[in-house]
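Have a look at the structure below, then the notes.
Quick note on labels: first sequence line is chain A, next is B, and so on, each numbered from 1.
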2 protein chains.
Amino acid sequence: MANRRRPVTLRAIADQLGLDVSTVSRVLNGAAGDRARAASGATAQRIRDLATELGYRPNPHATSLRTQRSNLIGVLVPRLSDLVLATIYEGIEEAASQHGLSTFVTNTRDEPDKQRDRTEMMLARRVDGLIFGDAHADAVLLDELAAQGVRFVLVSRWAGSHPSVTCDDYQGGRLAAEHLLDRGHERVAVIAGEPHASTGLDRTAGFVDRYREAGVPLPEHRVVRSRFDTAGGRQAAELLLDQAERPSAIFAVNDFAAIGAAGAARDHGLRLGEDLALVGFNDTPLAAELPIPLTSVRSPMREMGRRAVDLLARVLAGQRVESERLTPTLVARASTLGSTGAGDSHDDDGGGNAG
Amino acid sequence: MANRRRPVTLRAIADQLGLDVSTVSRVLNGAAGDRARAASGATAQRIRDLATELGYRPNPHATSLRTQRSNLIGVLVPRLSDLVLATIYEGIEEAASQHGLSTFVTNTRDEPDKQRDRTEMMLARRVDGLIFGDAHADAVLLDELAAQGVRFVLVSRWAGSHPSVTCDDYQGGRLAAEHLLDRGHERVAVIAGEPHASTGLDRTAGFVDRYREAGVPLPEHRVVRSRFDTAGGRQAAELLLDQAERPSAIFAVNDFAAIGAAGAARDHGLRLGEDLALVGFNDTPLAAELPIPLTSVRSPMREMGRRAVDLLARVLAGQRVESERLTPTLVARASTLGSTGAGDSHDDDGGGNAG
DNA sequence: CTGAAAGCGCTTACAG
DNA sequence: CTGAAAGCGCTTACAG
């Protein structure tokens with residue numbers, strides 16, 4: 001509990017070497033180009049050596065104040081306890097640190113008031129830009145911010161024409177449909193997620209469209225809204241399984257909703273993969289490890305996070321950018337193949353817990 | 001894409017009102033006590049009105065530079081994609097914002113090199129203090145930091161005598177044992193987690209001690225190390241279920257490990273709650289929603305996060321503090337009660353997903 | 001190649 | 001009750 005670790009300043013180095021602080025600054029923190037002409041080779045070396053010895057780290061508050069650039073970005077997500085967003089954030093953190101950016105991340109619970117409030121906090125903290133993982137389809141807040149010149153990108157969900165990095169959810173929905181069509185399912189249903197999120201909307205649309213194209217249009221009552229979590233999936237599945245003509249297969253737009261649906265199926269005495277086929281979305285690490293492994297459409301979550309940072313970095317550099325849409329793949333498992341089917345494949349995005 | 005939203009400064013307000021910037025500062029940002037004697041009532045009011053109108057927000061970099069206090073705290077966790085840590089972080093964020101603190105959070109994957117590296121980054125960012133959710137039992141890094149005068153607290157896991165907020169994991173392990181003893185299980189096993197984390201160690205110790213006290217000591221081969229995730233739990237369970245004398249009940253020190261164990265049980269043709277009892281830990285929202293609901297020891301995750309911030313705030317205020325240990329409760333469900341048993345109870349900590 | 005000066009936006013004794 | 005000054009630790013033209 002002794003030395004409160006008083007940080008080393010440029011001045012300390014300059015004084016010790018009998019140089020001016022500006023010279024030291026140029027050598028240590030100057031732009032790559034400047035740095036060469038910052039001082040004689042010998043002087044530069046003495047500066048660098050001493051800096052290393054003393055453990056010099058520039059004071060970011062001073063730098064930010066002077067340069068009007070904080071190298072801070074704000075990340076807003078519905079909730080970090082959603083594995084999907086947590087994984088996306090891991091990608092964001094990785095890439096941010098490569099770009100020399102630090103991140104603030106905050107939960108908004110998908111509530112407009114909180115989104116607005118937390119955005120203000122971030123701006124008050126003088127972030128250079130924002131990444132929204134909680135964009136609402138109406139884009140009200142986002143349009144306002146853009147009009148004010150706030151720089152941001154979206155991840156996971158798109159809205160309006162704001163730059164975004166998403167999974168091609170529509171295509172993902174089609175993949176799920178394709179797979180179930182292949183397995184001969186004609187009476188199918190969708191647990192569709194929340195209507196303010198492009199993810200659920202697009203996945204549902206892709207699925208419904210593909211079935212329509214196959215000549216098997218889905219009646220409206222077999223597309224049910226739901227929250228994205230397990231409890232939401234369970235409720236939606238109850239509704240579907242209580243219907244007179246029970247579906248033989250369900251597509252849930254989220255793995256957690258799918259797990260909830262699996263619970264409901266069990267309550268109805270249905271065996272997954274035998275009496276009821278089930279497809280989830282995102283291929284979270286849990287999907288493969290469930291008692292009855294879950295067929296799921298894999299989305300590149302971590303990669304989305306990384307690319308969102310890259311995109312934002314380009315926005316901050318004043319470049320004009322284009323949205324990106326990453327390709328999903330379907331991973332077939334027992335929940336659609338029956339107890340015999342193994343059929344795992346692919347690998348890509350890692351995951352796992354530790355606590 | 002127009003006005004880059006140039007923030008309002010004290011100077012802008014002062015000039016517009018014909019006052020000195022120091023007067024404005026005292027009124028707007030002065031300590032609660034000072035603020036009263038900062039200016040005449042009338043002047044103060046004019047200042048406040050204009051500040052509101054212009055949307056003044058103090059530049060935190062300037063404030064930090066001047067006061068040598070950043071109001072920033074760093075949070076290190078093994079991984080945010082671990083629901084337990086993500087939930088703890090939600091509590092941290094809530095409390096931090098109440099204390100006027102902003103948080104940086106980063107994943108260390110429980111790797112010592114990363115822990116060290118990320119700690120340095122945080123310190124370079126000039127955080128006022130740190131919360132470690134990834135403390136290793138050996139406390140090597142933590143001892144060093146404490147010696148340097150770095151201020152921090154631990155959450156979820158304790159180490160050495162550093163201030164911490166944890167669940168009473170030992171007691172939690174005893175609860176699990178008690179419950180299985182009540183149900184008549186004598187041949188039991190533990191999926192014990194990783195040996196560097198106090199959580200797994202204490203939960204295991206409590207369980208083992210309680211069984212020993214009941215006159216039923218556990219042989220060593222029925223306590224198996226594991227990672228904290230689903231795949232780890234599955235592997236550990238395979239080992240246990242392949243043993244000649246198969247256990248009738250398993251205590252997994254983590255819900256995710258328990259879910260993995262449930263998968264292994266199924267592969268062995270065992271029905272959960274009938275042929276094999278299973279108890280998890282943390283009572284994550286998933287536990288209640290699984291096809292076969294999981295008995296689990298509930299730990300107050302969000303509350304731990306909140307209290308860790310309160311504790312750190314006291315440390316930063318120079319107060320002497322004591323570690324806190326919060327009480328766990330057991331929630332019994334079908335995985336130990338058989339398919340008949342419902343027996344849910346309690347409510348406390350919320351949760352849920354959204355993506 | 002190096003130094004001196006100004007200034008980013010704040011806070012805080014110190015005067016008056 | 002209010003103002004003037006100094007300074008937190010940097011960066012960046014501008015001289016020389």
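- Within the structure, salt bridge (Lys or Arg N to Asp or Glu O under 4.0 Å) contacts touching residues 55-65 of chain A (residues at least two apart or in different chains) do not occur.
- Shown here are the side chain to side chain contact (heavy atoms under 4.5 Å, CB included) partners of V140(A), two or more places apart in sequence or in another chain: R116(A), D138(A), E144(A).
- For DNA chain C, runs of at least 3 consecutive pairs of the Watson-Crick or G-U wobble type, with both hydrogen-bonding distances under 3.5 angstrom, map to C:1-3 with D:14-16, C:5-12 with D:5-12, C:14-16 with D:1-3.
- L154(A) has its side chain within reach of L142(A): a pair of non-hydrogen atoms, C-beta onward, lies under 4.5 Å apart.
- Between T23(A) and dG3(C) there is a side-chain N or O to OP1 or OP2 distance below 4.0 Å.
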L72(A)/H61(B) under side chain to side chain contact (heavy atoms under 4.5 Å, CB included): CA gap, chis, key distance, verdict: CA-CA 11 Å; L72(A) 249 25; H61(B) 303 119; 3.9 Å; yes
Between the protein and nucleotides 13-16 of chain C, list every N/O to N/O distance that falls short of 3.5 Å.
none

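- With dT2(C), dG9(C), dG9(D) as the choices, the nucleotide that has an atom nearest any side-chain atom of N59(B) turns out to be dG9(C).
- Residues from residues 10-19 of chain A placing a heavy atom under 4.0 Å of any atom in DNA chain C, listed by number, are G18(A), L19(A).
- Contact check, Y56(A) against dG9(D): no side-chain N or O comes under 4.0 Å of OP1 or OP2.
- Counting only residues at least two apart or in different chains, ring pair (Phe, Tyr, Trp, His ring centres under 6.0 Å) contacts with residues 74-104 of chain B comprise F104(A)-F104(B).
- In this structure, R157(B) contributes its side chain and A135(B) its backbone to a donor-acceptor pair below 3.5 Å.
- In this structure, T106(A) OG1 and Q115(A) CD are separated by 11.0 Å, a value rounded to the nearest 0.5 Å.
- Between the CZ atom of R46(B) and the C1' atom of dC1(D) there is a distance of 13 Å, given to the nearest Å.
- Residue pairs meeting the salt bridge (Lys or Arg N to Asp or Glu O under 4.0 Å) criterion with at least one partner in residues 119-132 of chain B, sequence neighbours excluded, are R5(A)-E120(B), R69(B)-D128(B).
- T166(A) meets the side chain to side chain contact (heavy atoms under 4.5 Å, CB included) test with W158(A), S164(A), R325(A); sequence neighbours excluded.
- Between V321(A) and L312(A) there is no side-chain heavy-atom pair separated by less than 4.5 Å.
- For residues 123-150 of chain B, every residue pair satisfying the ring pair (Phe, Tyr, Trp, His ring centres under 6.0 Å) rule, not counting sequence neighbours, is listed here: F132(B)-F152(B), H136(B)-H196(B).
- Of the residues in residues 62-74 of chain A, L65(A), R66(A), Q68(A) come within less than 4.0 Å of DNA chain C through at least one heavy atom, sorted by number.
- For residues 6-28 of chain A, no pair satisfies ring pair (Phe, Tyr, Trp, His ring centres under 6.0 Å), with sequence neighbours left out.
- For dC10(D), the OP1/OP2 oxygens have no side-chain nitrogen or oxygen of N29(A) closer than 4.0 Å.
- The salt bridge (Lys or Arg N to Asp or Glu O under 4.0 Å) check on D15(A) picks up R11(A), with sequence neighbours excluded.
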